[in-house]
Chemist: 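Before I ask anything, here is the structure I am working with.
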There are 2 protein chains.
Amino acid sequence: MAIDTATAQQQVLDAADRLFYERGVQAVGMDAIRAASGVSLKRLYQLFPSKDKLIEAYLAGRNRQWEQMLQEHLDAATEPRERILAVFDFLSAWFTQRDFRGCAFINSFGELGAISPRVAELAKQHKAGFRQALTDLAQTAGAADPDQLADHLILLSEGAITTSAISGSPKPAERAREAAVLLMRVSLPT
Amino acid sequence: MAIDTATAQQQVLDAADRLFYERGVQAVGMDAIRAASGVSLKRLYQLFPSKDKLIEAYLAGRNRQWEQMLQEHLDAATEPRERILAVFDFLSAWFTQRDFRGCAFINSFGELGAISPRVAELAKQHKAGFRQALTDLAQTAGAADPDQLADHLILLSEGAITTSAISGSPKPAERAREAAVLLMRVSLPT
DNA sequence: ATCGGGAGAGAACGAGCGTTCTCCCTCGTT
DNA sequence: AACGAGGGAGAACGCTCGTTCTCTCCCGAT
């Protein structure tokens, strides 16, 4: 019974996503992914010719999921300031997910950034994408210096992600939102 | 020629500190530490009976160094608000160190937090220590809600650390400082 | 019915790791 | 001088991992 290529690929990616995120990339062997995906080792290597490529695909998928989740929260608001605050609603929702373990890119960067230039690059790109999104939001909200406000919001967000991951509490999202409100009060025209 | 125990231990810790921080914990083998410390493998295992113990010692040492560096920057100021801002001077100085690779605790947590409860615990403790220090500073500065201000400052700091590590630029320290000034302006009595 | 290609299961391989063991040398004590 | 404890160098061991190979079976084409 041959499973078609597209669904096999999806099963592998699903398993990789779950295991890599849950336990860390280096702690998960290709055989664990084979077992979790139900695909043969041979097929696995046909779909992803090396673990490195699978890691890249995992991170690419994470980036896609992440952007989509963020976008959905942004779409819930129309007023510019509300849209900025929606970023922190997104974080809050993310942190309370049962399997939340921090940012896959920060984690992978800590694990492999020094060893794999590709992983370091993907992490950089992911964060640059977030920065761009926040800059757009700040600009639309009428910030005098959108780059500055965006950078401040990034710091709050990234800080909330790592603090929440390490402490195991979702509270940093609320704190970040509070601080964002205060900063917007100063950085946006009344 | 027998080196005395204390200096041998120090040489091992120095080597472990450099290599673990530079390349990540899992990427560095015990043999690499032996080679870098100039100590025999036998002695190494007499000093640290397992790699786990060595990792613990590495993190404990990092925590000590970190607290000391922070304290030195705090000591450079006496006025309460200046002392809070000194935290960001500390970050700025840290980020511009040639070998800066982010926070050892965040990195180790990303690598091993899901696998080693001890590492997760040490990361938690380190961050709790930082939180305590900031709470004291906020209280001394007269914040109406010292916990809140401390949490906001933590988010900025942690965000700056990871953003600076991934982007490779020290600029997040300046941004964090800017944001801290704005937040203090709102959260501290005039 | 037969043949061939592809897929699955898992053994095999080579490398690297953490840890232990062996062997030999040194050196302080008697 | 003889001896024994201890230390250095590195081989060895057992395990895991990424990757490849072998063998077998199934299934569609002829």
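In the text below, chain A, chain B and the rest are named by the order of the sequence lines, each starting its count at 1.
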Chemist: When you measure from the centre of the six-membered ring of Y21(A), is the NZ or CZ of R101(A) closer than 6.0 Å and no more than 45° off the axis?
Modeler: no
Chemist: Quiz question: by atom type and distance under 3.5 Å, do the side chains of S92(A) and D89(A) form a donor-acceptor pair?
Modeler: no
Chemist: For the pair made of CG in L47(B) and P in dG7(D), what is the distance, rounded to whole Å?
Modeler: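 Spelled out: CG on L47(B) to P on dG7(D) is 10 Å.
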Chemist: For nucleotides 17-21 of chain D, which of its nitrogen or oxygen atoms have a protein nitrogen or oxygen under 3.5 Å away, and what is each distance?
Modeler:
residue : atom : partner : partner atom : Å
dG18(D) : OP1  : K51(A)  : NZ           : 2.4
dG18(D) : OP2  : M30(A)  : N            : 2.6
dT19(D) : OP2  : Y45(A)  : OH           : 3.0
dT19(D) : OP2  : K51(A)  : N            : 2.9

Chemist: Check the distance between dG18(C)'s P and I115(B)'s CD1 and give it to me in whole angstrom.
Modeler: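 The answer, rounded to whole Å, is 14 Å.
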Chemist: Which atom names give the shortest non-hydrogen contact between L47(A) and P49(A), and what distance separates them?
Modeler: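 Distance-wise, the nearest heavy atoms are O-CD, 4.0 Å.
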Chemist: Look at the aromatic rings of F90(A) and H73(A) and report parallel, tilted or perpendicular, splitting at 30° and 60°.
Modeler: tilted
Chemist: dG8(D) P sits how many Å from D4(B) CG, rounded?
Modeler: 12 Å
Chemist: Given atom CD of Q11(B) and atom P of dG7(D), what is their separation to the nearest angstrom?
Modeler: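 Going from CD in Q11(B) over to P in dG7(D) covers 15 Å.
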Chemist: Using whole Å, what does the distance between atom P of nucleotide dA9(D) and atom CG of L44(B) come to?
Modeler: 12 Å
Chemist: Over 60° means perpendicular and under 30° means parallel, so classify the ring planes of H126(A) and F105(A), tilted if in between.
Modeler: parallel
Chemist: Return the value, rounded to whole Å, for the distance between atom CZ of R34(A) and atom P of dA9(C).
Modeler: 8 Å
Chemist: Does the distance from a Lys or Arg side-chain N to an Asp or Glu carboxylate O, for K124(A) and E121(A), drop under 4.0 Å?
Modeler: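 Looking at E121(A) together with K124(A), the answer is no, because their closest N to O distance does not fall below 4.0 Å.
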Chemist: Send over the distance from L54(B) CG to dC17(C) C1', rounded to a whole Å.
Modeler: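 Answer to the nearest Å: 15 Å.
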